[in-house]
Amino acid sequence: MTLQPEDELELYKAVYDNSPGLCFILDETGKILDVNKACAQSLGCTTSELMETSILDLLDLETWETLQGTLINAGEQLIQAIDCKIRSLHPSRSALWVRLNLSGLSRSSNIFILFGEDVTQIREFEEKLRHKEKQFRLVTDSLAGKVSYVDSQKRYQYVSQQYGEWSKVSSNEIVGQTVEGFMGTSAYPRVQKYVEAALSGEKVTYEVTWNFADGSERYLTVNYIPDIAESGEILGFYAIMQDLTESKKVEKILHQFNASLEQQVRERTAQLQQTLVFETVLKRITEKVRDTLDESQILQVVVEQVALGLGCHYCDTSLYNINQGTASVYCAYITSTTSARRHIAFSDFFELYSQLLQGQCLQFCEIVPTLIRSAQEQLAILVCPISDGQEVLGDLRLCHQKDDAFEESEVRLMQQVASQCAIALRQARLYRAQSIQVEKLEELNQLKDDFLSTISHELRTPVTNMKMAIQMLSLTLGRDQVIAEQDRVNRYLQILQDECTREARLINNLLDLQRLESKEPALTVEPILLEPWLLKLLEPFQERTQDAQQKLQLDIPAGMPPFVSEPVMLERILTELLNNACKYTPAGEQIVLSVHTCAQGIQVRVTNFGVEIPAAYLERIFDKFYRVPSSDPWRQGGTGLGLALTHKLVEHLEGAIWVESHSGQTIFTIELPALPKGDGT
């Protein structure tokens, strides 16, 4: 059936309006004469809005001219597609990517049809693919590893920039080649099984050596990762290579370094163990010689400990006699034979001993034995001087059955041992010299004591006789009344009596002090009622203090219990202190004797006012024969034995005595414990 022209027109109109593609009817200037519905919908406009515009409002001029040029060159029947963007008239709608072609209705017509296919999604997908590819290339090119992709036909489809630079072949030259073609028929069999395994879907890792044409060699680790489609088809595999050449070199260096370090550790450990052994030897020697004062024992200890600690062949010590120019070997240790004590002249080994006497440590070898009596074999000998910093006392000699030098640690140990030996020897000699000096002093002291005892006894006898004669003379003169000037005679007799008593007191003090220093006399203790006992003790001093215009006072608590002590010694102590107070207390001043109980027993104080002893003299106040200096040292008399004797008596009673002087007063304080009754020690 043939359609009528009007029906055919309607049919074409329906096809035109309902076509999914974009259709523009344009005149020769580009003005839009008509558009289909798909065109209006895609651009978000109405048909009437588009028919009032030009195609140049939607396309740029360059694209329109390109379309027209293509049409003119090709003729009205050839359609050339061009991809470009079509703008929307509404700002809210984004531009579309379309594929356009232009055709004319006829050669004589100036009407054109512009067909467009929306390819926005295709272009966006292609853009994403290009972006992904760019990212992939950036990532692979930045990796230290070399990345390539091999398809199922074993052809390179992608090679990273790093891979190309490393292989010294352009990436473009590699792409398209087979693995075998790139590697060569001689090298490919080494990796063939790994390639086939990867194309079978297996992940592969292996190491291989790559030889370049220039003769260089590289070590590689290679990973093949299969590219498997969702359907399970093996599309190819990714090859990632890491160049291990530098790592291998570093690994080799590290291996060598570790081996060297282990050797150093072993050597250091051996040194530390040796140092520990040496420290043990030095400590043992120090501990054994520091408490002994016997030179022979010191030298014997040093020789034995050094020989055993170092495991040496021979060790000995010598002492020097500088005046005679000889060295005497006192102690020796020999592993094979024994060595007798012998003397060596400095002159026989002048060069050796001249250096030792200057404090120098020496090493040398000896083949024919001279210094050391041993088998005729080559020995390494180390000799260290024993010097205390003032002089060389001797030497310490060590021998090894070897011809190499001694280690620094051995030399250092010998020097330290020699130093300790010098200290011990010097200490022993000082002690011996001090002992001799002490013996001489004790002998002199004994001679002095014997002299004092003898002279005291010799002085006591005539004084006793003098005193007896004075008493007899006094009785005779008093009975006969034969002398007219009795007062003058009595005064002379009193002088003789006083001086005789003074001389007797001096002699008694000397004898008593000597007896207390040489031996401890026995104590005869008994309970003492202090208050009546002290009142009786003070009776002679009452008249004396009144004559000297002094005041004497006793301060004692009422009802004090009896105190157990040696009454004779206690009386001697208090009498001496009271005599001392009466001698030095000015007229008009006071003397106080006070007694109080304390934790130790009793405390007795003798205080005299109006006199003060300088602090510089207080420390020596109890020394024998010491008297406080004054402008007139003989004005008060005395020998300086009274307070020394008092101090000894207080010590003998197991008490303590001290003196204080300040604020115009001098205070002697005594603390005495109660002694056990009947103690005869």
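Ring geometry for F668 against F622 counts as perpendicular: the plane angle is over 60°, on a 0 to 90° scale with 30° as the lower cut.
The backbone N or O of T545 lies less than 3.5 Å from no partner atom in the side chain of Q550, so there is not a single donor-acceptor pair. Q324 contributes no side-chain N or O that, together with a main-chain N or O of T326, makes up a donor-acceptor pair within less than 3.5 Å. The backbone N or O of E410 lies less than 3.5 Å from no partner atom in the side chain of E407, so there is not a single donor-acceptor pair. At least one donor-acceptor pair under 3.5 Å links the side chain of T575 to the backbone N or O of E571. N580 places no side-chain N or O within 3.5 Å of a backbone atom of K583 that could act as its donor or acceptor partner. Without hydrogens or angle criteria, T666 side chain to V611 main chain gives a donor-acceptor distance under 3.5 Å. In this structure, the side chain of T585 does not engage the main chain of C582 through any donor-acceptor pair within 3.5 Å.
There is a side-chain donor-acceptor pair under 3.5 Å between E671 and Q603. No hydrogens or angles considered: a donor-acceptor pair under 3.5 Å links the side chains of Y320 and D395. Judged purely by distance below 3.5 Å, without hydrogens or angles, the side chains of Q420 and Q416 never pair a donor atom with an acceptor atom.
By the 4.5 Å heavy-atom criterion applied to side chains, V411 and C361 are counted as neighbours. Under the 4.5 Å side-chain criterion, counting only non-hydrogen atoms from C-beta, Q305 is not in contact with K283. Residues I381 and L398 fail the side-chain proximity criterion, which asks for heavy atoms closer than 4.5 Å. For the pair F609 and I591, the minimum side-chain heavy-atom distance is 4.5 Å or more. Inter-residue side-chain proximity for L653 and I573 is flagged as met; some heavy-atom pair is nearer than 4.5 Å. At least one side-chain heavy atom of P567 sits less than 4.5 Å from a side-chain heavy atom of E526. For the pair D555/H596, a side-chain contact is recorded, criterion being any heavy-atom separation below 4.5 Å from C-beta on. At least one side-chain heavy atom of I556 sits under 4.5 Å from a side-chain heavy atom of L534.
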Quick one: do Q665 and N608 satisfy side-chain contact (heavy atoms from CB on, under 4.5 Å)? Show the steps, please.
-> CA-CA 6 Å; Q665 56 182 332; N608 55 316; over 6 Å; no
Between R397 and L382, is a side-chain contact (heavy atoms from CB on, under 4.5 Å) present by the stated rule, with each step listed?
-> CA-CA 6 Å; R397 187 177 293 112; L382 172 64; over 6 Å; no
How far apart are the C-alpha atoms of R426 and L393, what are their side-chain angles, what is the distance that settles it, and do they pass the side-chain contact (heavy atoms from CB on, under 4.5 Å) test?
-> CA-CA 9 Å; R426 175 60 66 185; L393 307 178; 3.7 Å; yes
Does the pair L577 and I670 meet the rule for a side-chain contact (heavy atoms from CB on, under 4.5 Å), with working shown?
-> CA-CA 11 Å; L577 291 178; I670 304 170; 3.4 Å; yes
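Between Q360 and P385, the closest heavy-atom pair is O-CD, 3.3 Å. A pairwise comparison of heavy atoms in S354 and Q358 identifies O-CG, 3.2 Å as the closest pair. Heavy atoms only, all atoms of each residue included: L396 and C315 are closest at CD1-SG, 4.0 Å. Nearest heavy atoms, A327 versus Y353: CB-OH, 3.7 Å. Residues A428 and I298 share a closest heavy-atom pair of CB-CD1, 4.2 Å. Pairing each heavy atom of L672 with each of G655, the nearest pair is CD2-CA, 4.0 Å.
Ion pairing between a basic and an acidic side chain is recognised when a charged N comes within 4.0 Å of a carboxylate O; E408 and R412 show such pairing. Ion pair E279/R284 not flagged as a salt bridge, since none of the NZ, NE, NH1 or NH2 atoms sits closer than 4.0 Å to an Asp/Glu carboxylate oxygen.
Atom CD of residue Q363 and atom CE of residue M414 lie 10.0 Å apart, to the nearest 0.5 angstrom. In this structure, OG on S328 lies 7.5 Å from CG on L319, to the nearest 0.5 angstrom. Taken from CD in E589 to NZ in K551, the straight-line distance is 8.5 Å, to the nearest 0.5 Å. For the atom pair CG (L276) and OG1 (T269), the distance works out to 12.0 Å, reported to the nearest 0.5 Å. Note that CE of M569 is 6.0 Å distant from CG of L649, once rounded to the nearest 0.5 Å. For the atom pair CD1 (I436) and OH (Y431), the distance works out to 11.0 Å, reported to the nearest 0.5 Å.
Within a 6.0 Å radius of CD in E619, no more than 12 heavy atoms belonging to other residues, nucleotides or ligands are found. The number of heavy-atom neighbours closer than 6.0 Å to NE2 of H255, taken from other residues, nucleotides and ligands shown, is 12 or below. Applying the 6.0 Å contact sphere to CD of E612 captures more than 12 heavy atoms from other residues, nucleotides or ligands. The number of heavy-atom neighbours closer than 6.0 Å to CD of E351, taken from other residues, nucleotides and ligands shown, is 12 or below.
The side chain to side chain contact (heavy atoms under 4.5 Å, CB included) check on Y617 picks up I613, P614, Y626, V628, P629, with sequence neighbours excluded. Residues passing the salt bridge (charged side-chain N to carboxylate O under 4.0 Å, His left out) test with E267: none are found, sequence neighbours excluded.
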